[in-house]
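All remarks here apply to the structure that follows.
The sequence lines fix the lettering, A, B, ..., with proteins before strands; numbering per chain opens at 1.
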There are 2 protein chains.
Amino acid sequence: MDDYIAQRSLTRLDESLLTHIPPFSLLSHEQIREILDQATVRRYGEGITVFNEGDPADRFFMVLDGYIRVVRVTPAGEQIISLHIPSGQLFGIARAIGRETYPATAITASEAIILSWPTTVWDHFVVSYPGFSSETYKILGLRMGELNMRVVEMATQQVEQRVANTLLRLVNQTGRKVADGIEVDFSITRQDLSEMTATTLHTISRLLSAWEKHGLVKSRRKHIVVSNPQGLVALARDHG
Amino acid sequence: MDDYIAQRSLTRLDESLLTHIPPFSLLSHEQIREILDQATVRRYGEGITVFNEGDPADRFFMVLDGYIRVVRVTPAGEQIISLHIPSGQLFGIARAIGRETYPATAITASEAIILSWPTTVWDHFVVSYPGFSSETYKILGLRMGELNMRVVEMATQQVEQRVANTLLRLVNQTGRKVADGIEVDFSITRQDLSEMTATTLHTISRLLSAWEKHGLVKSRRKHIVVSNPQGLVALARDHG
DNA sequence: TATAAACTTTGCGCTAGCACAACCTTTGTT
DNA sequence: AACAAAGGTTGTGCTAGCGCAAAGTTTATA
């Protein structure tokens, strides 16, 4: 975050940006005004690191537009993708779980607009804004649920089922309707998918080719469209 | 929890039970008194289900003595062990993450003494007892860290390394010093270990046999003693 | 418009570790 | 003391999916 550049908009941020986002939805216009006035906005290109695992957690963030990819790197240098965060969600909330440093690295998965606040205002937010803390912890709960599901899947399912499930989750959570199905809403490579499912890009490539042959998906470079979700669900269920 | 039997002790619970346990350590004697007076105590035998995944989360719990094993069961009936909770920790705190039901099943891994409170007092605890909420979320953060570590391990390590790491973590967190090393402090079968590491009891048996031959561990039925932690650490590091 | 860089496909051989199977040992029960 | 039940060991064959390799395609850069 050495190159962090605060870029408050020349025009003030519009309050309607936050009014429908859960952690803020119970608040008055005045409160949202306060919150926005303390925020820093920044636009990021794709593939930019927002913060690194282990950095002191001196800010917390919210995705206004775009997607964040949360990754961890092993001592051996292997990367694994932990999570994708869609717009409207907070991230980098190490403070909420009593951490002084970020537990993982956050990278933009697409162009993105990110709000951030200094961690020092966290406690103020928690006590002053009703619903902020409970909504935040709900999100934390959802992420724990995802992690748990991931562990169970990796422990019990074959590669093909894991990849099918991951892809389905991806289009459910971040899918965009297109002519011939639902498309993952950000650039995604074979390598990325392999880092989400604990396999190799080669295996992913083979799977996608096979699925395409059976009319389940359509993929081009960095794009994946699920054209037959039903079929994928069947694959994910029926043992192989 | 059909067979749940409230058993408040005849003599009141001693305040010193809680004074040194983090979520309560900042509180006055009066406050701890209040908390204990609202608690229900129960002694469980080994292998007893405290609550099931999906049950309405109408109570939250604390391990006073013994260990809790948190498990999840797949639709196909395979069981995987998510976590072990040692004495002094809260569990079943679905409420903290905005859930109405328990996300996993809790079973005693040893004889255990468990305190519990109705979920309805949760909010009262959070607002009335300083440090309660932050300490609780710290624990949540630690558990998330464990889950993450688990995902990374399963994604990147060989079975032997995973099992070595898991065993090391087990003796670090719940180890008891014995004559010839450090022993896992509760009954643990090959099957259990396999459900923690996503492998089979057969593979675990072979690994333990091999390790015993090399003087790293000593195991009898339901007992595992790590006699050479250094050696295990080396195994866990050096790729195989 | 050539060249490089990033991403993808496909083939082939190998092996970690699983499935299956049989048997052994310890502990609990009648 | 006999039997059952739970837990543990060990052998054998098989295969999912990885490692390695080579080549194709698309996009970015000079």
Side-chain angles (χ1 to χ4, degrees), chain A residues 45-47 74 76-81 107 109 153-164 166-167 184 186-214 217-225 235-236 238-240, chain B residues 45-47 74 76-81 107 109 153-164 166-167 184 186-214 217-225 235-236 238-240:
Chain A
E46 185 179 322
T74 66
E78 291 143 306
Q79 195 174 83
I80 81 142
I81 296 178
I107 301 178
E153 275 186 14
M154 286 180 49
T156 61
Q157 302 186 336
Q158 304 280 95
V159 165
E160 183 168 37
Q161 298 169 73
R162 290 206 305 269
V163 177
T166 301
L167 193 51
V184 177
F186 47 81
S187 296
I188 183 164
T189 66
R190 311 292 186 257
Q191 175 78 36
D192 291 334
L193 255 185
S194 75
E195 287 174 4
M196 302 177 68
T197 51
T199 177
T200 62
L201 76 157
H202 309 273
T203 298
I204 297 285
S205 178
R206 286 182 241 270
L207 282 175
L208 287 181
S209 296
W211 291 350
E212 184 136 19
K213 210 162 293 171
H214 291 104
V217 304
K218 267 190 159 195
S219 75
R220 1 187 284 276
R221 186 181 231 240
K222 289 194 178 197
H223 295 260
I224 303 178
V225 176
L235 253 190
D238 309 338
H239 215 272
Chain B
E46 185 179 322
T74 67
E78 291 143 307
Q79 194 174 82
I80 82 142
I81 296 177
I107 301 177
E153 275 185 15
M154 285 180 50
T156 61
Q157 302 186 335
Q158 305 278 96
V159 166
E160 182 169 39
Q161 298 168 73
R162 290 207 304 270
V163 177
T166 301
L167 193 50
V184 176
F186 46 81
S187 295
I188 183 162
T189 66
R190 310 293 187 254
Q191 174 79 36
D192 292 333
L193 215 34
S194 76
E195 287 173 5
M196 303 178 68
T197 51
T199 178
T200 62
L201 74 157
H202 308 273
T203 298
I204 298 285
S205 177
R206 286 182 238 270
L207 281 175
L208 288 180
S209 296
W211 291 349
E212 184 136 20
K213 211 162 292 171
H214 291 104
V217 306
K218 265 189 161 197
S219 74
R220 358 188 285 277
R221 188 181 230 243
K222 288 194 180 197
H223 295 260
I224 303 179
V225 177
L235 253 190
D238 309 338
H239 215 270

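Residue contacts shown for A:Thr189 are limited to sugar-phosphate atoms, with no base heavy atom under 4.0 Å away. Residue contacts for A:Leu208: at a heavy-atom cut-off of 4.0 Å it reaches no nucleic acid atom on any strand shown.
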query = Once each nucleotide of nucleotides 15-26 of chain D is scored for protein heavy atoms under 4.0 Å, what B/S/- sequence comes out, 5' to 3'?
reply = -SSSBBB----B

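Atom CD of B:Glu46 is separated from atom C1' of D:dA6 by 13 Å (rounded to the nearest Å). Computed from coordinates, the B:Leu201 CG to D:dT9 C1' distance equals 10 Å when rounded to whole Å. Atom-to-atom, CD1 of B:Ile188 to P of D:dA6 comes out at 19 Å; the value is rounded to the nearest Å. Distance, B:Lys213 NZ to D:dT10 C1': 10 Å, rounded to whole Å.
Side-chain atoms of B:Trp211 and B:Glu160, non-hydrogen and from C-beta on, do get closer than 4.5 Å to each other. Looking at heavy atoms from C-beta onward, B:Gln191 lies in side-chain contact with B:Ser194 at the 4.5 angstrom threshold. Taking the side chain as every heavy atom from C-beta outward, A:Thr166 and A:Val163 never approach each other to under 4.5 Å.
Of all heavy-atom pairs between B:Ala198 and B:Met154, the closest is CB-CE, 3.9 Å. The two residues B:Arg162 and B:Gln157 come nearest to each other via the heavy atoms NH1-O, 3.1 Å.
The side chain to side chain contact (heavy atoms under 4.5 Å, CB included) test with A:Leu193 is passed by exactly one of A:Thr199, A:Leu207, A:Val184, A:Ile224: A:Ile224.
Between the side chains of B:Ser219 and B:Arg190, at least one donor N or O lies within less than 3.5 Å of an accepting N or O.
With rounding to the nearest 0.5 angstrom, the CG atom of B:Asp192 is 8.5 Å from the CE atom of B:Met196.
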message = Please determine whether side chain to side chain contact (heavy atoms under 4.5 Å, CB included) holds for the pair A:Val159 and A:Thr197, giving the CA-CA distance in whole Å, both sets of side-chain angles, and the decisive distance to 0.1 Å.
response = CA-CA 8 Å; A:Val159 165; A:Thr197 51; 5.9 Å; no

Evaluation steps, side chain to side chain contact (heavy atoms under 4.5 Å, CB included), between A:Thr156 and B:Ile80 = CA-CA 9 Å; A:Thr156 61; B:Ile80 82 142; 4.0 Å; yes

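A:Ser209 contributes a side-chain N or O that, together with a main-chain N or O of A:Ser205, makes up a donor-acceptor pair within less than 3.5 Å.
With a heavy-atom cut-off of 4.0 Å to chain A, the contacted part of DNA chain C has its first and last nucleotide at C:dA6 to C:dC12.
Inter-axis angle, ends of the helix from C:dT1-D:dA30 to C:dT30-D:dA1, five pairs per end, rounded to 10 degrees: 40°.
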